[in-house]
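Here is the structure we will look at.
Please read all numbers here as calculations on a predicted model, not as lab measurements.
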Amino acid sequence: MAVQSSLAVSLSRLLNSLGWTTEADRFTLRATEPAFEPVTRTWMVGKASAISDEEVRRVGPSRIIVEDFATASQMSRLLGLLPQASGDEIPVSTYSRFVDRLWGADVAVRRALADAEAGDSDGLFGETMPLNARHITQHVDFGDISVRDHRALEHGLASAGVWLAILSDAGLGKTEFLRLHEYRFAQLYESAQRGASYIELPPIALRVSLRDFRSLSLDYIAHALSQPAQRGHARVPLPRISSGAVLRELLVQGRLILFLDGLDEVIADSSSIEAGLQEWHRAVSAGARIVVASRTGHASARGAIARRFKPDETAAMKPLEKVTALELLERRNASSQRASSIYAALSGPAATIPLYLVLANYVGLDETLPDDVRVSKTLVLQTLVTHFCEREVSRLGVDSSTQMDLLDQVSEWLTLDSMLSRDELLQALGLDSADARARVVLNPHALLLHNERGGVEFKFPEFGALFGARVLASSWRSRGF
């Protein structure tokens, strides 16, 4: 068997996953791209100081790929041994820069930045604010250690071959946390790209919403990445991540970090979830880095994490302190006096949750909620959503009580079949498109969104869970409980 450099082995694995055929011997790598008329390229891949002048002259490669942080003198020596390339092309590359051109990292950075800048509300609470303008510092608990959110991955994802589960109560901002770090990694990458050509480029972090995923396999996730994102504003597809094999190589080789958002929102069965986590763990064992986020209140997701993640591989987002809650409201254009009034009106557990604070600000909550409401986050959310529906009356021409009833029914039908199209949902609701009430689905209601599949879903899972709970409670009451 031919002896190959370790860099040549890594590059061969990635090329093979992309459908290329390769043949390697020492530093020489012959790679044939899949095409109607295949062309074989001859490259040399390895540690710069180990590639001799004589071997370069004998092989006659079109390109040499060396380790990151190779010295400038070694790279200059190798460059001098190759024919002058046309245009601005430099035929000597460091490994990370060559690989990132191969799979389209520049497009991935655009996707990451677009997703990071998208607001969780997707327009729900008015104009989307830039990330730097809307973000407030939160804290993440690693056991007894509390870390500021922007330093959390330095603590929990510091090296290759690590995964981390972020647990959060509903509405506490797990998606915003992932977007913050997606943005930071993208900025770091762009900064490194502008630096010296021998410096290793850092990985790119990509957030993937797991809502309605029927599988957690790397193949399924790769397919999602190869398509325009169905949520937020990341409409940038990554077609070169064409399979789970490609995705795994990019993870293991440190070119990508996966942020998997919403383990509690998948519709896969328990065996598929377990199989997915096993596949992720195998990739992590080989060097990948993965972050998984989930709500704490979801029993099956919490159980899956408890079975697979060690205690030091999990962290929990903390509720907001009063000073941070007030800062959040003021960043949403509430005056200092108004922010204090909203915080006092919510008072109980809901006053520590970003989603509830922003919603209360948007609907203009000005009365202190009754004591029996304030102690229940569910009742607070129901009250705020009712106010929200009152604001929708003028736009939809449907009274707030009818809106709430229709949203109950929408939740019930989507629980039975989340893949319903808009027309199928209207049929299930018994509504003709000319009926004014159909505007809740067709306009749609501000708590809903039209997805890329032509269907409807709740903008926040918390809203779907609320209306689902209302349906369940109504069913139990009708049975005399």
Side-chain angles (χ1 to χ4, degrees), residues 118-129 134 169-173 175-176 231-232 320 325 328-329 331-334 338-339 341-370 372-374 376-414 425 429 436-451 456-471 473-474:
D120 272 351
S121 59
D122 201 16
L124 178 63
F125 306 122
E127 185 177 355
T128 297
M129 299 173 65
R134 71 176 187 258
D169 281 342
L172 262 185
T175 295
E176 188 78 350
R231 294 172 186 84
L320 300 184
L328 170 67
L329 291 167
R331 288 197 177 212
R332 295 283 178 165
N333 298 318
R338 173 74 183 138
S341 174
I342 292 171
Y343 186 86
L346 291 176
S347 173
T352 68
I353 300 174
L355 173 62
Y356 289 54
L357 291 162
V358 174
L359 186 54
N361 182 44
Y362 182 77
V363 302
L365 183 69
D366 53 12
E367 77 278 6
T368 300
L369 299 177
D372 61 337
V373 171
R374 282 185 293 157
S376 167
K377 290 183 285 187
T378 301
L379 292 179
V380 171
L381 183 58
Q382 178 173 254
T383 302
L384 295 175
V385 165
T386 302
H387 282 306
F388 196 97
C389 287
E390 290 167 0
R391 293 180 66 107
E392 283 282 274
V393 171
S394 60
R395 186 175 74 88
L396 296 175
V398 179
D399 67 79
S400 61
S401 177
T402 301
Q403 290 177 48
M404 293 288 284
D405 288 342
L406 285 171
L407 291 169
D408 284 344
Q409 295 177 58
V410 168
S411 172
E412 187 171 18
W413 281 109
L414 292 182
L425 182 57
L429 295 172
R437 293 172 296 171
R439 296 172 192 158
V440 169
V441 173
L442 298 177
N443 268 22
H445 194 284
L447 299 182
L448 301 173
L449 61 83
H450 288 163
N451 57 35
V456 176
E457 61 190 58
F458 284 94
K459 284 185 176 176
F460 286 95
E462 290 82 1
F463 296 149
L466 169 69
F467 287 104
R470 282 167 50 90
V471 170
S474 175

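- Between Leu396 atom CG and Arg437 atom CZ the span is 13.0 Å, to the nearest 0.5 Å.
- In this structure, Lys459 and Leu447 have side chains that are not in contact, with every pair of non-hydrogen atoms separated by 4.5 Å or more.
- Between the CD atom of Glu457 and the CG atom of Leu425 there is a distance of 12.0 Å, given to the nearest 0.5 Å.
- Under the side chain to side chain contact (heavy atoms under 4.5 Å, CB included) criterion, Asp399 pairs with Ser401, Thr402, not counting sequence neighbours.
- Looking only at distances, no side-chain donor or acceptor of His450 sits under 3.5 Å from a matching main-chain atom of Asn443.
- Sorted by first and then second residue, the side-chain hydrogen bond (donor to acceptor under 3.5 Å, both in side chains) pairs with a member in residues 404-414 read Asp408-Arg470; sequence neighbours excluded.
- The two residues Asn451 and Val456 have their closest heavy-atom pair at ND2-N, 4.0 Å.
- Legend: residues meeting salt bridge (charged side-chain N to carboxylate O under 4.0 Å, His left out) with Arg338, ordered by chain and number and at least two apart, are absent.
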Distance-only donor-acceptor pairs under 3.5 Å for side chains of residues 341-357, two or more places apart:
{"from": "Ser347", "atom 1": "OG", "to": "Arg374", "atom 2": "NH1", "distance (Å)": "2.9"}
{"from": "Thr352", "atom 1": "OG1", "to": "Pro349", "atom 2": "O", "distance (Å)": "2.7"}
{"from": "Tyr356", "atom 1": "OH", "to": "Lys377", "atom 2": "O", "distance (Å)": "3.3"}

Show the atom names and distances, to 0.1 Å, of all donor-acceptor pairs under 3.5 Å that link a side chain in residues 384-393 to residues at least two apart or in another chain.
{"from": "Thr386", "atom 1": "OG1", "to": "Gln382", "atom 2": "O", "distance (Å)": "2.8"}
{"from": "His387", "atom 1": "ND1", "to": "Glu390", "atom 2": "OE1", "distance (Å)": "3.4"}
{"from": "His387", "atom 1": "NE2", "to": "Glu367", "atom 2": "OE2", "distance (Å)": "3.4"}
{"from": "Arg391", "atom 1": "NH1", "to": "Tyr362", "atom 2": "O", "distance (Å)": "3.0"}
{"from": "Glu392", "atom 1": "OE1", "to": "Arg395", "atom 2": "NE", "distance (Å)": "3.4"}
{"from": "Glu392", "atom 1": "OE1", "to": "Arg395", "atom 2": "NH2", "distance (Å)": "2.6"}
{"from": "Glu392", "atom 1": "OE1", "to": "Ala446", "atom 2": "N", "distance (Å)": "3.0"}
{"from": "Glu392", "atom 1": "OE2", "to": "Arg395", "atom 2": "NE", "distance (Å)": "3.2"}

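- Within the 4.5 Å cutoff, no side-chain heavy atoms of Leu407 are placed close to those of Leu466.
- The nearest pair of heavy atoms linking Leu359 to Leu381 is CD2-CD1, 3.9 Å.
- Ala436 and Val398 make their closest contact through O-CG2, 3.6 Å (heavy atoms, listed as atom of the first residue, atom of the second, distance).
- Side-chain atoms of Phe458 and Val410, non-hydrogen and from C-beta on, do get closer than 4.5 Å to each other.
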